Structures are given as structure tokens and as C-alpha cells.
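On a predicted model such as this, the values are computed, not experimentally measured, just so you know.
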Amino acid sequence: MVLPKVVFEREVQLFKFWFNGALQEGIHFANELYYRLQEKPAPLRSRLYQIGCRLSRNGADVVLTISDDRCSLWANLRNQQVAALAVSERLALPSVENLLASQGHLPRTDHTAL
């Protein structure tokens, strides 16, 4: 079983990028680019880790970053599941809910991504 990578936020390079008319947050880690799926206060780190485990189990390349006060779940921008959900210029980057729904774990909540 592949587990999500967990790294300290200070070990990644944060950057911003423009996508679909909005500024997005990303990281550069281990020669890969990721975008932020979710951010939570540090005490909720285990919830994001559980989501990361489900995504990893289904082939998604995800990273969990942690700091003293927050944690974030990131998805690889080159992940084929992510790319398939974001092919249209009109679509936003997939949310964690839509990634899980595409893998059969949750019902879709964002009907614009269909």
C-alpha cells in the first residue's frame, strides 16, 4: 500500500500560479509540482492524512505538508486522474471531494465538473 508523503512545510517550495482565471497555490517537492487540495488547522492533520491515504490507495500522488499551526493536502499536477478532471478550460482544479467521487468514494458535490 502506498502512503501519502508527509513533509514539513519548510522543506517544500511554495509558489502561486494562475489557472482558470484565479490565483492558485502550489508547491515544488521532489522534482514534482502539486496544487493545494485542502488546508486545515494542525489539530485536524489526521483527517487530511486519511483523505490522502484514500487518494494514494487509488493511484493519486499526494503530499501532506505540516507546520506548527496548519497542514495542507496537495495533489500532483501531472496525476492522470487530476488531469482528466481538469481538461476543460472552464473547469476549476478538482477538489478533494471530486477526486474522491471520481474514485467511487463520495457522491459528486460539484456538478460543474461533470
Minimum-distance pair of heavy atoms, taken over all atoms of Tyr34 and Asn76: CD2-N, 3.2 Å
Sidechain N-carboxylate O distance under 4.0 Å for Lys5, Asp61: yes
What I'd like to find out is whether the side chain of Ile66 reaches to under 4.5 Å of the side chain of Phe8, using heavy atoms alone. yes
When every non-hydrogen atom of Gly52 is compared with those of Val62, the smallest separation belongs to O-CG2, 3.6 Å
From Glu9 atom CD to Ser72 atom OG, the distance as rounded to the nearest 0.5 Å: 6.0 Å
How about Asp69: does its CG atom have over 12 heavy atoms from other parts shown lying under 6.0 Å from it? yes
Can you tell me how far CG of Leu14 sits from CH2 of Trp74, rounded to the nearest 0.5 angstrom? 5.5 Å
In terms of hydrophobic clustering (I, L, V, M, F, W, Y; side-chain heavy atoms under 4.5 Å; direct or indirect links), are Leu3 and Val6 co-clustered? yes
Atom pair CG/SG of Leu64 and Cys53 - distance to nearest 0.5 Å: 9.0 Å
Shortest non-hydrogen contact from Val7 to Glu11? CB-OE1, 3.8 Å
Where at least one partner belongs to residues 15-31, residue pairs that pass salt bridge (charged side-chain N to carboxylate O under 4.0 Å, His left out), sequence neighbours excluded: Lys16-Glu25, Glu25-Arg36
CZ on Phe15 to CD on Gln13, rounded to 0.5 Å: 9.5 Å
Any side-chain heavy-atom pair from Ile27 and Leu33 closer than 4.5 angstrom? no
Quick check on the hydrophobic clustering: are Leu37 and Phe17 connected, directly or via other members, by side-chain heavy-atom contacts under 4.5 Å? yes
Taking the side chain as everything from C-beta on, heavy atoms only, tell me whether Leu23 gets closer than 4.5 Å to Trp18. yes
Just how far is it from atom CG of Leu73 to atom OH of Tyr35, taken to the nearest 0.5 Å? 9.0 Å
Test item: Gln38 and Ile51 side chains (from C-beta on) under 4.5 Å apart, heavy atoms: yes
When rounded to the nearest 0.5 Å, the distance separating CG of Leu55 from CD of Gln50 is 12.0 Å
Distance-only donor-acceptor pairs under 3.5 Å for side chains of residues 41-49, two or more places apart:
none

